[in-house]
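The block underneath contains the structure these notes are about, expressed in structure tokens.
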Amino acid sequence: MPIKAENIKYIYSEGTPFRTLALDNVNIKIDQGEFVGIIGHTGSGKSTLIQLFNGLESATEGRVEVDGILVGEDKKKLKLIRQTVGLVFQYPEYQLFEETVAKDVAFGPLNLDLSQEEIDVRVKEALELVGFNYNKIKDASPFELSGGQKRRVAIAGVLAMKPNYLILDEPTAGLDPAGRNEIFHQIKKLHERSNVTVILVSHSMEDIAKLVDRVIVLYKGKVHMQGTPKEIYSEADELERIGLGIPQIASIVRELRNRGFNIKQGILTIEEAKEEILKEVKRRNV
Ligand code: ADP
Ligand code: MG
């Protein structure tokens, strides 16, 4: 069953001079098992949107449905929705506070009426899902870990709630390139190994398009485009117009096309570009 957002409008500070229309008639459907990227630059409404998905905020207009439950209708169901939709905020490591990694990951499940045995199993599984060796990491202090490792512990804490959906808001913000790669690699593996639906929120097209199956572009609070990364990248001019970058290789290919090279659209990788350019060079030589 999906997450569905229908005709969503979200207004901050209504009735004041600071009124902001953060989301404007947004319609989105995300199916179980998908790996989706929500992309848009700062202020486009990404964080507002995902907080509606787990009932942290409620829309000014429109409806959000999670696995058949209308969010916000029944306050008693909010707990279930928060558990179904796991949200990893920006800089989640600020919320780590226990003295060991295992205790930190157990924090959420402890509120779920589970046996100690079940909690231990969940903690172990969650830490392994984000690429840790459980025995090696469980007694470590979260504070002695690297930036990327801390973030993986925070993600494990959400996974231990066994959500159907895992939403990550700018999960690599502030990390160095090694930390970024580590996080992206683990998220990709996590999606492959579990059946959790992953929604990755980012302002960087270049980071996300390589990973996800579908991209939703938010622009000024509206869904501006959506499709596979290839479909989105074939609209390179439009992406640049709205200030979202395209990979360097895609802009080289576009330049070649503009100069009359017969190369297909939607190329994302250097390997693919090389193959296409060589084909064209051969065609020209005969
Ligand atoms: P993003 O996550 O894409 O950067 P946000 O959802 O945070 O976008 O913000 C969307 C719009 O709502 C922006 O114009 C932002 O300034 C505004 N906004 C976000 N949070 C608040 C808030 N708490 N109060 C008032 N305006 C807000
Ligand atoms: Mg944000």
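In listed order, ligands and their atoms are each counted from 1. These numbers were taken from a predicted model, which means no experiment stands behind them. Note that these values count all heavy atoms, side chains included, but never hydrogens, waters or copies made by symmetry.
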Which residue supplies the protein heavy atom nearest to [atom], what is that atom called, and how far is it?
atom                    : answer
atom 8 (O) of ligand 1  : Gly45 N, 3.1 Å
atom 4 (O) of ligand 1  : Gly43 N, 2.7 Å
atom 6 (O) of ligand 1  : Thr48 OG1, 2.5 Å
atom 24 (N) of ligand 1 : Tyr12 CD2, 3.5 Å
atom 7 (O) of ligand 1  : Ser47 CB, 4.0 Å
atom 3 (O) of ligand 1  : Lys46 NZ, 2.8 Å

Minimum-distance pair of heavy atoms, taken over all atoms of Asp24 and Lys222: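 For Asp24 and Lys222, the tightest heavy-atom pair comes out as OD2-NZ, 2.7 Å.
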Polar proximity ligand 1 side, Ser44 side, N/O cut 3.5 Å exclusive: yes
Heteroatom distance test (Ala22, ligand 1): nitrogen or oxygen, under 3.5 angstrom: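 No.
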Side-chain donor or acceptor of Gln149 paired with backbone N/O of Ser146 under 3.5 Å: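 Yes; at least one donor-acceptor contact below 3.5 Å.
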With no hydrogens and no angle check, just 3.5 Å: does a side-chain donor-acceptor pair link [X] and [Y]?
X     : Y      : answer
Glu34 : Thr197 : no
Asp67 : Thr84  : no
Asn54 : Tyr165 : no
Tyr10 : Ser58  : no

Lys/Arg-Asp/Glu bridge criterion (N-O < 4.0 Å) met for Glu272, Lys274: no
Ion pair check, Glu238 and Arg241, cut-off under 4.0 Å: yes
Distance flag for atom 1 (P) of ligand 1, protein heavy atom under 4.0 Å: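 So far as the 4.0 Å threshold goes, atom 1 (P) of ligand 1 is in reach of a protein heavy atom.
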Heavy atom of protein inside 4.0 Å of atom 13 (C) of ligand 1, strictly below: yes
The Mg ion (ligand 2) contact by Gln90, N, O or S atom under 2.8 Å: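 It does not: Gln90 brings no N, O or S atom closer than 2.8 Å to the Mg ion (ligand 2).
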For His41, atoms of ligand 1 separated by under 4.0 Å from a heavy atom: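 By the 4.0 Å cutoff, the relevant atoms are 3 (O).
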Atoms of ligand 1 close to Thr42 [distance to a heavy atom under 4.0 angstrom, numbered from 1]: 4 (O)
Side-chain heavy-atom pair Leu190, Leu166 within 4.5 angstrom cut-off: yes
Side chain to side chain, Leu23 and Leu52, heavy atoms closer than 4.5 Å: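 Yes. Closest side-chain heavy atoms under 4.5 Å.
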Thr20 and ligand 1 - part of the residue with a heavy-atom distance under 4.0 Å: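 Side chain only; the backbone of Thr20 stays clear of ligand 1.
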Non-hydrogen atom of Gly40 closer than 4.0 Å to ligand 1: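 Per 4.0 Å heavy-atom rule, Gly40 does not contact ligand 1.
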